[in-house]
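Notes follow the structure.
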Amino acid sequence: MISLEFKDMIKCLSTNGLLLSDKLPLLINCGVSTITVTINAIDPNIGKEIYDYAIYKDNTYRGIDAAKLLIEKQLEGIEAACDNGLLVKVNTVLIPGINDKHIDDIAKK
């Protein structure tokens, strides 16, 4: 409905990326062309300090397993979005004492 009323509007979605690859066909069908993914760690040992848990496909993951899952799904989703022609921006929140020495690694990845 938005596309019918505002034909030139750019549709953007912000996400943590956990379900990005799973929901990508739906997002493309809805006309989303720009995605922002917040990635605060690419090292699961750092990620477990940021994320308590992740729920994916009716399963709850905790600690390092949650961090591994989230990082894997974020990177998978970003790659899939780029492969489908979407503009992807990565956002990172600097958390002093947790990921502050890890920002360069996130940017390089």
Side-chain angles (χ1 to χ4, degrees):
M1 291 173 61
I2 291 171
S3 295
L4 293 174
E5 182 70 26
F6 305 99
K7 294 179 183 357
D8 295 329
M9 180 181 283
I10 296 171
K11 288 170 261 343
C12 179
L13 176 84
S14 296
T15 176
N16 70 0
L18 181 62
L19 298 177
L20 180 55
S21 60
D22 297 345
K23 299 296 183 180
L24 192 58
L26 175 64
L27 297 174
I28 292 168
N29 189 49
C30 289
V32 173
S33 60
T34 304
I35 306 258
T36 298
V37 181
T38 299
I39 298 181
N40 296 322
I42 56 162
D43 179 337
N45 289 306
I46 295 172
K48 72 181 174 113
E49 301 300 318
I50 301 170
Y51 310 109
D52 290 332
Y53 65 93
I55 299 172
Y56 182 70
K57 294 190 176 181
D58 296 326
N59 293 309
T60 301
Y61 300 82
R62 299 193 180 281
I64 199 157
D65 292 330
K68 285 179 181 178
L69 173 67
L70 180 58
I71 293 164
E72 174 187 322
K73 297 302 290 179
Q74 288 172 327
L75 297 176
E76 176 185 295
I78 288 170
E79 184 173 357
C82 289
D83 287 349
N84 280 278
L86 278 70
L87 177 66
V88 177
K89 179 184 112 174
V90 173
N91 180 57
T92 301
V93 177
L94 185 144
I95 306 167
I98 296 177
N99 72 348
D100 51 343
K101 294 179 175 50
H102 187 55
I103 301 299
D104 285 346
D105 295 330
I106 296 168
K108 287 175 186 172
K109 186 68 173 173

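Values below: all heavy atoms of this structure, side chains included; hydrogens, waters and symmetry mates excluded.
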(message) Around atom CD1 of Ile10, are there more than 12 heavy atoms from other residues, nucleotides or ligands closer than 6.0 Å?
(response) no

(message) Other residues, nucleotides and ligands only: do more than 12 of their heavy atoms fall within 6.0 Å of OH on Tyr53?
(response) no

Minimum heavy-atom distance [X]-[Y], with the two atoms named:
| X | Y | result |
| --- | --- | --- |
| Ala81 | Leu24 | N-CD2, 3.6 Å |
| Ala67 | Pro44 | CB-O, 3.5 Å |
| Ala66 | Ala54 | CB-N, 3.7 Å |
| Tyr56 | Tyr61 | O-CE1, 3.8 Å |
| Thr36 | Cys12 | OG1-SG, 4.1 Å |
| Ile50 | Ala41 | CD1-CB, 4.2 Å |

hydrophobic_cluster_shared for [Y] and [X], side chain cutoff 4.5 Å:
| X | Y | result |
| --- | --- | --- |
| Leu70 | Val88 | no |
| Ile95 | Ile103 | no |
| Val32 | Val37 | yes |
| Leu19 | Leu75 | no |
| Ile64 | Ile71 | no |

(request) Indicate whether any N or O donor in one side chain lies under 3.5 Å from an N or O acceptor in the other, for Asn16 and Thr38. (result) no

(message) When you compare the side chains of Lys73 and Ser21, does any donor N or O come within less than 3.5 Å of an acceptor on the partner?
(response) yes

(message) side-chain contact (heavy atoms from CB on, under 4.5 Å), that's the test. Do Asn40 and Tyr51 meet it? Break it down for me.
(response) CA-CA 10 Å; Asn40 296 322; Tyr51 310 109; 3.4 Å; yes

(request) List for me each residue that meets side chain to side chain donor-acceptor pair (under 3.5 Å) alongside Lys11, sequence neighbours excluded, and say none if there are none. (result) Ser3

(message) Going by side chain to side chain donor-acceptor pair (under 3.5 Å), name the residues that satisfy it together with Thr92, two or more places apart in sequence or in a different chain.
(response) none

(request) Begin with the C-alpha distance, continue with both residues' side-chain angles, and end with the deciding distance and a verdict on side-chain contact (heavy atoms from CB on, under 4.5 Å) for Leu69 and Leu18. (result) CA-CA 8 Å; Leu69 173 67; Leu18 181 62; 4.1 Å; yes

(message) So, taking the atom named CD in Glu72 and the one named NZ in Lys68, what distance separates them when rounded to the nearest 0.5 Å?
(response) 10.5 Å

(request) Drop me the distance from Ile35's CD1 to Lys89's NZ, to the nearest 0.5 angstrom. (result) 12.5 Å

(message) What I'd like to find out is whether the side chain of Asp22 reaches to under 4.5 Å of the side chain of Lys57, using heavy atoms alone.
(response) yes

(message) Using modelled atom types and a 3.5 Å cut-off, is there a donor and acceptor pairing between side-chain atoms of Asn84 and backbone atoms of Leu86?
(response) no

(message) Please identify which of these residues, Ile39, Asp43, Ile42, Ile46, meets the side chain to side chain contact (heavy atoms under 4.5 Å, CB included) condition with Asn99.
(response) Ile46

